[in-house]
Protein chains: 2
Amino acid sequence: MDACEALGAKFELWQAADLDSSRCPVRGLLDQIGDRWSTLLICALAVGPRRFSALHRLIPDISKRMLTQTLRTLEADGLVHRDVQPTVPPSVTYSLTPLGRSFAGPLLGLVEWAETHFAAVLQTRSETKRAA
Amino acid sequence: MDACEALGAKFELWQAADLDSSRCPVRGLLDQIGDRWSTLLICALAVGPRRFSALHRLIPDISKRMLTQTLRTLEADGLVHRDVQPTVPPSVTYSLTPLGRSFAGPLLGLVEWAETHFAAVLQTRSETKRAA
DNA sequence: TAACCCAGTCTCAGATAGAGACTTTGAGAC
DNA sequence: GTCTCAAAGTCTCTATCTGAGACTGGGTTA
């Protein structure tokens with residue numbers, strides 16, 4: 001059984017179990033961490049703990065608003081730890097929890113696939129655009 | 001070197017290479033297929049080819065508009081093949097391309113992580129909500 | 001004295017997603 | 001003959017989400 005069949009089998013199980021989006025693990029999780037920024041932030045934090053402004057410098061095209069929001073969601077999901085030092089000005093350090101670090105494995109698989117096949121996707125995209 | 005370190009190392013490479021979002025493979029790909037519906041559709045198509053309305057029945061809470069849009073994006077990226085039979089009414093069948101099937105591996109990793117850790121995430125979420 | 005940094009919050013405009021009506025032609029029910 | 005449904009979408013309207021950028025307030029630097 002290859003990965004594709006295994007994936008299909010899992011999908012059929014969800015169907016059979018009549019899982020709605022809130023109870024299906026994949027949907028419940030990927031609806032939240034499957035957005036543009038969450039995965040990128042997890043990559044950035046995989047290097048090591050970072051402060052708010054450091055993250056913003058690493059990923060300049062995220063707005064502060066989305067940076068705050070995404071970090072709060074990741075914190076609520078237990079993937080990221082938020083450590084506030086009560087200094088003035090406050091110093092806030094974000095780091096991956098053990099759960100967050102355990103997510104690095106699957107994420108790395110995705111990243112490696114992306115690196116391997118990005119060229120092919122780009123080519124298909126440009127062909128499609130030309131045909132349109 | 002564990003997966004977390006490897007992920008961090010990759011992130012630092014992207015930083016060093018000054019990759020903007022359009023040239024970074026991970027961002028270029030995951031910005032598109034990392035949305036709510038793309039991964040779910042790939043799971044659905046992993047079972048086998050499906051027609052438009054069959055997909056809509058399998059995933060009732062996607063609107064026809066987003067279903068069309070998501071399938072077109074996946075087609076443009078070369079992950080999904082769209083086969084139009086010029087009958088009346090037209091019969092359109094969607095299936096995974098070899099590239100799409102190759103994505104099943106990393107996606108399966110993600111799915112398995114989600115199944116394993118969903119309970120932990122749910123618990124953290126509810127604790128966070130209670131504290132708020 | 002002025003400017004800048006910390007970690008955000010706030011507001012406003014623009015982009016995006018969802019709900020659901022509508023299309024055209026053929027097949028089956030009555 | 002007519003009624004209704006299904007195919008695979010498109011269209012419009014509204015609700016939600018996102019991004020840009022101004023603002024906060026006290027301390028440090030020039």
Side-chain angles (χ1 to χ4, degrees), chain A residues 20-22 24 27-28 30-41 44-45 48-77 80-96 128 131-132, chain B residues 20-22 24 27-28 30-41 44-45 48-77 80-96 128 131-132:
Chain A
D20 59 18
S21 55
S22 63
C24 172
R27 302 188 59 176
L30 298 192
D31 279 7
Q32 300 232 0
I33 62 178
D35 68 351
R36 201 195 325 291
W37 303 118
S38 297
T39 45
L40 199 57
L41 279 174
L45 288 172
R50 298 265 178 236
R51 298 178 60 169
F52 183 88
S53 51
L55 287 170
H56 199 199
R57 272 189 299 271
L58 286 173
I59 309 170
D61 51 345
I62 188 176
S63 64
K64 290 180 164 198
R65 195 181 157 282
M66 283 314 292
L67 181 54
T68 304
Q69 203 171 103
T70 307
L71 285 169
R72 293 288 153 85
T73 301
L74 290 173
E75 189 196 2
D77 281 359
V80 159
H81 174 67
R82 181 166 177 267
D83 185 40
V84 185
Q85 231 59 20
T87 57
V88 173
S91 162
V92 181
T93 304
Y94 294 92
S95 54
L96 289 184
T128 305
Chain B
D20 59 19
S21 55
S22 63
C24 172
R27 301 187 61 175
L30 298 192
D31 278 8
Q32 300 231 2
I33 61 179
D35 69 349
R36 201 194 325 291
W37 304 118
S38 298
T39 45
L40 201 57
L41 279 175
L45 289 172
R50 297 267 177 233
R51 298 179 60 168
F52 184 88
S53 49
L55 287 170
H56 199 198
R57 273 190 296 272
L58 285 173
I59 309 170
D61 52 344
I62 188 175
S63 66
K64 290 180 163 196
R65 193 181 159 280
M66 285 312 294
L67 181 54
T68 304
Q69 204 173 101
T70 307
L71 285 168
R72 293 288 153 85
T73 301
L74 289 173
E75 188 195 2
D77 282 359
V80 158
H81 175 68
R82 180 165 177 268
D83 185 42
V84 185
Q85 231 58 22
T87 58
V88 173
S91 161
V92 181
T93 303
Y94 294 92
S95 53
L96 289 185
T128 305

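The analysis underlying the following values was restricted to heavy atoms, covering all of them including side chains, and did not include hydrogens, waters or symmetry mates. This is a predicted model, so every value here is computed, not measured. Residue numbering restarts at 1 for every chain, and letters A, B, ... go by the order of the sequence lines.
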Report task. Select from B/Q69 and B/K64 the residue whose nearest nucleotide in DNA chain C is closer to the 5' end of that strand. Result ->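 So the residue in question is B/Q69.
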Query raised in the report: Which residue lies toward the 5' end of DNA chain C, A/R65 or A/Y94, if each is placed at its nearest nucleotide?
Result: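 Nearest-nucleotide comparison on DNA chain C picks A/Y94.
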Between [N] ([atom2]) and [X] ([atom1]): distance, integer Å:
X: A/R50; N: C/dC6; atom1: CZ; atom2: C1'; answer: 17 Å
X: A/D83; N: C/dC6; atom1: CG; atom2: C1'; answer: 15 Å
X: A/M66; N: C/dC10; atom1: CE; atom2: C1'; answer: 16 Å
X: B/I62; N: C/dG20; atom1: CD1; atom2: P; answer: 16 Å
X: B/L67; N: C/dT16; atom1: CG; atom2: P; answer: 19 Å
X: B/W37; N: C/dT16; atom1: CH2; atom2: C1'; answer: 14 Å
X: B/H56; N: C/dG18; atom1: NE2; atom2: P; answer: 11 Å

Looking at [X] and [Y], what are the two nearest heavy atoms and their distance?
X: B/T87; Y: B/P89; result: OG1-O, 2.9 Å
X: A/L58; Y: A/A44; result: CD1-CB, 4.5 Å
X: B/L40; Y: B/R36; result: CB-O, 4.0 Å

Query raised in the report: End-to-end bend of the helix from C/dT1-D/dA30 to C/dC30-D/dG1 (five-pair axes, 10° rounding)?
Result: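 Here the local axes at opposite ends form an angle of 10°.
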Using a 3.5 Å cut-off and no angle test, enumerate the donor-acceptor pairs between side-chain atoms of residues 59-72 of chain B and protein atoms at least two apart in sequence or in another chain.
{"residue": "B/D61", "atom": "OD1", "partner": "A/R27", "partner atom": "NH2", "Å": "3.4"}
{"residue": "B/D61", "atom": "OD2", "partner": "A/R27", "partner atom": "NH2", "Å": "2.9"}
{"residue": "B/S63", "atom": "OG", "partner": "B/M66", "partner atom": "N", "Å": "3.3"}
{"residue": "B/T68", "atom": "OG1", "partner": "B/K64", "partner atom": "O", "Å": "2.9"}
{"residue": "B/T70", "atom": "OG1", "partner": "B/M66", "partner atom": "O", "Å": "2.7"}

Out of curiosity, [X] [atom1] to [Y] [atom2], how far, rounded to the nearest 0.5 Å?
X: A/R51; Y: A/R57; atom1: CZ; atom2: CZ; value: 8.5 Å
X: B/T93; Y: B/L45; atom1: OG1; atom2: CG; value: 10.5 Å
X: A/D35; Y: A/D31; atom1: CG; atom2: CG; value: 10.0 Å

**Report entry** C/dC5 OP1/OP2 closer than 4.0 Å to side-chain N/O of A/R51
**Finding:**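 Result: no.
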Report task. Answer yes or no: does a side-chain N or O of B/R36 lie under 4.0 Å from OP1 or OP2 of C/dT16? Result ->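 It does not, given that no N or O in the side chain of B/R36 lies less than 4.0 Å from OP1 or OP2 of C/dT16.
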**Report entry** Sub-4.5 Å side-chain heavy-atom contact between B/S38 and B/L74
**Finding:**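 Answer yes - side chains close enough.
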Query - Opening and closing nucleotides of DNA chain D in contact with chain A, under 4.0 Å to non-hydrogen atoms - result: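 Taking any atom under 4.0 Å from a heavy atom of chain A, the span is D/dT18 to D/dG27.
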Report task. Could you give me the CA-CA distance, side-chain angles and deciding distance for A/V80 and A/L96, then say whether side chain to side chain contact (heavy atoms under 4.5 Å, CB included) is met? Result -> CA-CA 4 Å; A/V80 159; A/L96 289 184; 4.0 Å; yes
Query - Comparing A/D35 and B/T93 on DNA chain D - which has the more 5′ nearest nucleotide - result: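 Going by which nucleotide is closer to the 5' end, it is B/T93.
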